[in-house]
Amino acid sequence: MKIYKCDDCGAVFELVVEPTKGAIEGLREVKAGEVDGALEKHVPVVEQDGHKLIVKVGSVAHPMTPEHYINAIWVEFEDGTYVKKALTPDMAPEAHFCMKNKSGKVTVYEYCNLHGLWKTEFTLKAE
Ligand SMILES: [Fe+2]
């Protein structure tokens, strides 16, 4: 999963198709952890309960206000596919995902509108 940002206007994009040549003009790739922020409020905390993957941001709940909130949480699988939950400020900073028929390692990302992209790794438990 790749996230790009326009530093001029602040818009953030998920990449669906890789560019066939060079960089994407005017956009830069956002890397996890590149913005200073409290680790305990941004690094996703992942638990598995049967088929359910529970992702909380973070070990201390991240604020959810219109000025500062978690925009989205993604779970990326080893084959590059991913599932996403978009959040709004009136929601809790967490998401639940169904992992039925899934296995292996996942990378869990979250995007904070002020502190950017954060991630953690998790190995799905066999059922
Ligand atoms: Fe934040």
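Both counts, for ligands and for their atoms, begin at 1 and track the order of listing. Values below: all heavy atoms of this structure, side chains included; hydrogens, waters and symmetry mates excluded. Each residue takes its place number in the sequence, starting with 1.
- Note: H62 and H115 have perpendicular aromatic rings, judged against thresholds of 30 and 60 degrees for the angle between ring planes.
- Residues L39 and V55 fall into different hydrophobic clusters, defined by Ile, Leu, Val, Met, Phe, Trp and Tyr side chains chained together at heavy-atom separations under 4.5 Å.
- With respect to the Fe ion (ligand 1), H42 has NE2 as its nearest N, O or S atom.
- Both V75 and M91 are members of a single hydrophobic cluster when ILVMFWY side chains are connected at heavy-atom separations under 4.5 Å.
- Seen from the Fe ion (ligand 1), atom ND1 on H115 and atom NE2 on H62 lie at an angle near 170° (rounded to 10 degrees).
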Test log, rule side chain to side chain contact (heavy atoms under 4.5 Å, CB included), inputs V46 and V106: CA-CA 10 Å; V46 183; V106 294; 5.7 Å; no
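- Residue-level check: among N/O/S atoms of H68, NE2 sits closest to the Fe ion (ligand 1).
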